[in-house]
Amino acid sequence: MSPTLTMPHTPVPAATLAPREQEALRHIAAGRTYLQTARNMGLSKHTVDAYLRRIRAKLNVHTTAELTRLAVALGL
């Protein structure tokens, strides 16, 4: 069973994130920049930015702090 995070809106299962989105989120939550994340994942900075925009839209969050809190809550 995948973990679920209860936010003010609706519960969000971690499974709603694609594996590469989860990986990008782990890097950002670890304090890496978009460029560092891109280099670690073998992607362009723009691709990482696109992943994180999709994550924010899926999880209805707006800041990196919120993304980090979600990553911790989801066990990423």
For residues 23-30, which side-chain donor-acceptor pairs fall under 3.5 Å, sequence neighbours excluded?
residue : atom : partner : partner atom : Å
E23     : OE1  : R20     : NH1          : 3.0
H27     : ND1  : R32     : NH1          : 3.3

Can you measure from OG1 (T64) to CZ (R69) and round to the nearest 0.5 angstrom?
13.0 Å
Would you list the pairs meeting salt bridge (Lys or Arg N to Asp or Glu O under 4.0 Å) in which at least one residue belongs to residues 45-57, sequence neighbours left out?
E21-R54, D49-R53
Taken to the nearest 0.5 Å, the spacing of Y51 OH from T37 OG1 works out to 12.0 Å
Can you tell me how far apart CG (L52) and CG (L59) are? Round to the nearest 0.5 Å.
10.5 Å
Taken to the nearest 0.5 Å, the spacing of L70 CG from K58 NZ works out to 13.5 Å
